[in-house]
Number of protein chains: 2
Amino acid sequence: MGDPARTLALLWRHEVPLPARRGPRPRFSVDDVVDAATALADADGLEALTMRSVAERLGVSAMGLYSYVPGKDELLDLMLDAAHLAMPRPPWRGGQGWRERVAAVADANRALFAAHPWAAWVSSARPPLGPGTTAKYDHELAAFDGTGLADVELDAALTFVLGFVRGVARAGESEPEQDAAWWAESGPLLAQVLDVDRYPRAVRVGAAAGEAQGAAYDPGAAYRFGIERVLDGLEALVARGS
Amino acid sequence: MGDPARTLALLWRHEVPLPARRGPRPRFSVDDVVDAATALADADGLEALTMRSVAERLGVSAMGLYSYVPGKDELLDLMLDAAHLAMPRPPWRGGQGWRERVAAVADANRALFAAHPWAAWVSSARPPLGPGTTAKYDHELAAFDGTGLADVELDAALTFVLGFVRGVARAGESEPEQDAAWWAESGPLLAQVLDVDRYPRAVRVGAAAGEAQGAAYDPGAAYRFGIERVLDGLEALVARGS
DNA sequence: CATAAACTCCGTACGCTGTATAGTGTTCCC
DNA sequence: GGGAACACTATACAGCGTACGGAGTTTATG
């Protein structure tokens, strides 16, 4: 889409120096736009984030945003990088083992998606390599200190952990109320059509899972189960000595 | 959105018996519509799948589709269930261990997303509990026979495996050509801004990973790395004896 | 056999999206 | 003071899903 160099310059706020600029002074900063968009997406979700809605929140016409941002995709990149920059990066204490640290990384990302559910849905094809994402990457890599993993495996391991957390965040976007209504309306027909003889395991396990978590999918349970598997899986790799 | 009961009836093809129907005979079956939409999405991606494009492929006006399908969301549900139904379900042989079988489940899902990349992107909030998805669920649960896991854990384990494969499929949607152009245009500015002293691990590991896989993300490598971690993680759970 | 109901299918239209384009007014450099 | 660069606006366009009203076809019912 847009010009990568322009996007990168924007991410790192490489602006033209102020005294050299002509024309009326901008009423906002790029961060004002990013903050307005983030507040909107936090409150009402990505589908409510339109150029018009952001513009209205700032008291500007829709096209006025394009003085600050090349387009919506770039705005989303800026939002994500800003959210990454705002994440806490407590220094890893020596007493912690890598497993404890990586678990903390996962928890921090889960908290990110809890605060900004939209963040799980912005494209990862072209990661916004801005100051936030870079600092996050560096900090999270440090959590693996002591594992003895080679650099390539380090990246793979972190990608694996982050992919898991993001997957859970993406899967947990349905509303519990709607879930209940869905089951109420679908139950009778489902009971009629789900033949226990044809699908013995599906019926048995599906019923058990549905009853245990009160819904078809429980993000909390999926996270608690999955993060242990993720860490155990990494532990096997580390124990094997790279 | 739509009526869940209507959607379910459609998924299971609970139609009104033919002789009792008035009006002109439908020119197509629901499967004709689903197949046309699937062919389109396979060839040109989800963003090319519009009600108008599906209709044109069938030689019908856009609104004509609504005789067969309540809306686009339901069409996507039908497409996904049909794709699930078409997956091979070879009987698990006794000689296989559960690890081998679960790896086969993961491979089969990876093949599904290779054939139908759009399938990784249809909403999982309301899984289309049709004949395909149900048969797939039942068959994949059977892969865990011998693990001794309780029903709730069985569902969690399968969800964990499928979530991983889907995450890799979703992440691997960027074009390699665009990747190269992106790096070429971004490289100079990135080199200037990525301070080795501020982000020592990020620069080192990022460079190693980028060089090793020739791109910021290599789905094949991510899958091969991740599936071993997933299976190791499950193995730790199984070894622990539930 | 006529009529009404049910059905397929079409054309038009609406509100919504991101953003291209043209134009207006402000500010600074020369 | 003139011209260039800039912020900002209003209008417009193509594309989306789909609501609506109507036309034509088939069948059940009086």
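Chain naming here is simple, since letters A, B, ... match the order of the sequence lines and numbering starts at 1 in each. Note that the structure is predicted; figures quoted are calculated from it, not measured.
Take A:R110 and apply the salt bridge (Lys or Arg N to Asp or Glu O under 4.0 Å) test, not counting sequence neighbours, and it matches no residue. Under the rule for a salt bridge (Lys or Arg N to Asp or Glu O under 4.0 Å), A:D81 has no partner lying at least two apart in sequence or in another chain. Here A:N109 pairs with A:K136, A:E140 under the side-chain hydrogen bond (donor to acceptor under 3.5 Å, both in side chains) rule; sequence neighbours left out. Applying the side-chain hydrogen bond (donor to acceptor under 3.5 Å, both in side chains) rule to A:Y223 yields the partners A:D107; only residues at least two apart in sequence or on another chain are considered. A:S53 is linked by a side-chain contact (heavy atoms from CB on, under 4.5 Å) to A:L40, A:T50, counting only residues two or more places apart in sequence or in another chain. Take B:A119 and apply the side-chain contact (heavy atoms from CB on, under 4.5 Å) test, not counting sequence neighbours, and it matches B:L80, B:F113, B:H116. Not counting sequence neighbours, the partners of B:S29 by the side-chain contact (heavy atoms from CB on, under 4.5 Å) test are B:D31, B:D32. In this structure B:R166 satisfies the salt bridge (Lys or Arg N to Asp or Glu O under 4.0 Å) test with no other residue, sequence neighbours excluded.
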With the sugar-phosphate defined as primed atoms, P, OP1 and OP2, and the base as all remaining atoms, what B/S/- string results for nucleotides 21-30 of chain D, 5' to 3', for protein heavy atoms under 4.0 Å? ---BBBBS--

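As a whole-Å value, the separation of B:L76 CG from D:dG17 C1' is 12 Å. Residue B:E15 contributes atom CD, which lies 11 Å from atom P of C:dT8 at whole-angstrom precision.
At a non-hydrogen distance threshold of 4.0 Å, A:L49, A:T50, A:M51, A:R52, A:M63, A:Y66 from residues 46-69 of chain A come into contact with DNA chain C. For DNA chain D, no neighbouring residue in residues 28-40 of chain B is found when judged by any heavy atom under 4.0 Å.
Remark: the backbone N or O of B:L129 is not paired with any side-chain donor or acceptor of B:T133 at under 3.5 angstrom.
Annotation: side chain to side chain donor-acceptor pair (under 3.5 Å) contacts involving residues 56-65 of chain B, sequence neighbours excluded, are absent.
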